[in-house]
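First up is the structure itself, then whatever we jot down about it.
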Number of protein chains: 2
Amino acid sequence: MSRSNPRVLNTLERAGGFASAQEVYRLMQREGQSIGLTTVYRALQSLVNDKIVDILRREDGEAIYRLCGDGHHHHLVCKGCGDTIEIEGGAVEKWAKSLAEEHGFRDVGHTAEIFGLCSKC
Amino acid sequence: MSRSNPRVLNTLERAGGFASAQEVYRLMQREGQSIGLTTVYRALQSLVNDKIVDILRREDGEAIYRLCGDGHHHHLVCKGCGDTIEIEGGAVEKWAKSLAEEHGFRDVGHTAEIFGLCSKC
DNA sequence: TATGATAATGATAATCATTTTCATTTGTGA
DNA sequence: TCACAAATGAAAATGATTATCATTATCATA
């Protein structure tokens, strides 16, 4: 029942490990890969089940899938052109962990994104 | 131009200060209040602009509106029961601001939420 | 009190991401 | 080759949110 289509995973990787289902689909289309939107959704969902990717939300509620595992990082996103810069967030990691422990939370994750207008926009 | 309809705010309060637009609308309907869905959305959006309520997301992406006190803060949310704790994020504020400036971004905002399982769940 | 400008309202239609349905294709083992 | 289960994807359904646009309420002023 492993629907973790390798082409989808590969595309997500090449997208910087950070993209929505629609974006993965459009990217594959543009590259001439033949795939259906449904399959993209199913593959991504399967990757989430297998804990290979993480799911979080954009400001408008659209789901974005993120390769998780070792290199945990955050993003600086331009609201104008959508350009994204990956950044390290050491301070945030510690902040999140200590606060969660302080309140007796376990199995803790966090999201932290910065958005604004880049110099070009 | 203040569209912060007081009936909507009042309903959100009575809903425990934590509900989606659809829920606020359905609640008002059930109570026999005559109001349109559009107005509910506009009123909630206006309350967000006025920083009277906060917007965050359910796991399925639906927006939930949340009465908040003054001041910018973040949330520690339980994935099990939905219980939410408001927290200060001094470290995060500085982190976001300095990183954004470093990359030449302006008009900057950020999100930072921590989620996990609380001690009860 | 009329009048008119402006803001507020809400029914309806449009949008957009996501999920369901279902028929078809593909892979695999007998 | 045959049969059968899993995978695929086109198209329709769903559900939240937003845009349109005509109508209605407000309110200052003539």
Go through it in stages, so that I can follow the logic: the residues are B:His74 and B:His110, the test is ring pair (Phe, Tyr, Trp, His ring centres under 6.0 Å), and I'd like the CA-CA distance, side-chain angles, deciding distance and then a yes or no.
CA-CA 10 Å; B:His74 300 284; B:His110 66 272; 5.1 Å; yes
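- The side chain of A:Asn5 contributes no N or O atom lying less than 4.0 Å from OP1 or OP2 of D:dA7.
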Give the intermediate values and the outcome of side-chain hydrogen bond (donor to acceptor under 3.5 Å, both in side chains) for residues A:Ser4 and A:Asp50.
CA-CA 9 Å; A:Ser4 302; A:Asp50 296 348; 3.2 Å; yes
Counting primed atoms, P, OP1 and OP2 as sugar-phosphate and everything else as base, the B/S/- map of nucleotides 14-21 of chain C against protein heavy atoms under 4.0 Å is ---SBBB-
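- Between the side chain of B:Ser98 and the backbone N or O of B:Lys94, at least one donor-acceptor pair lies under 3.5 Å.
- B:Met28 places its CE atom 10 Å from the P atom of C:dT9, with the value rounded to the nearest Å.
- Within the structure, a side-chain polar atom (N or O) of A:Thr39 is placed less than 4.0 Å from OP1 or OP2 of D:dG9.
- Atom OH in A:Tyr25 sits about 9 Å away from atom P in D:dG9, given to the nearest Å.
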Under 3.5 Å between N/O atoms: give me all the protein pairs with nucleotides 24-27 of chain D, atom names plus distance.
none

Could you walk me through whether B:Gln45 and B:Tyr65 pass the side-chain hydrogen bond (donor to acceptor under 3.5 Å, both in side chains) test, one step at a time?
CA-CA 9 Å; B:Gln45 191 52 58; B:Tyr65 298 85; 4.7 Å; no
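- A single hydrophobic cluster is not seen to contain both A:Val48 and A:Ile64; linkage of ILVMFWY side chains at heavy-atom distances under 4.5 Å, directly or through other members, places them apart.
- Between the A:Glu62 side chain and the A:Ala21 main chain, no donor and acceptor come within less than 3.5 Å of each other.
- Residue B:Leu56 contributes atom CG, which lies 16 Å from atom C1' of D:dA16 at whole-angstrom precision.
- The salt bridge (Lys or Arg N to Asp or Glu O under 4.0 Å) pairs that include a residue from residues 20-43 of chain A are A:Arg14-A:Glu31, A:Glu23-A:Arg58, where partners are two or more places apart or lie in different chains.
- As rounded to whole Å, 12 Å separates atom C1' of D:dA16 from atom CD of B:Glu23.
- For the atom pair CG (A:Leu76) and NE2 (B:His103), the distance works out to 6.5 Å, reported to the nearest 0.5 Å.
- In this structure, A:Ile35 atom CD1 and C:dT25 atom C1' are separated by 15 Å, rounded to whole Å.
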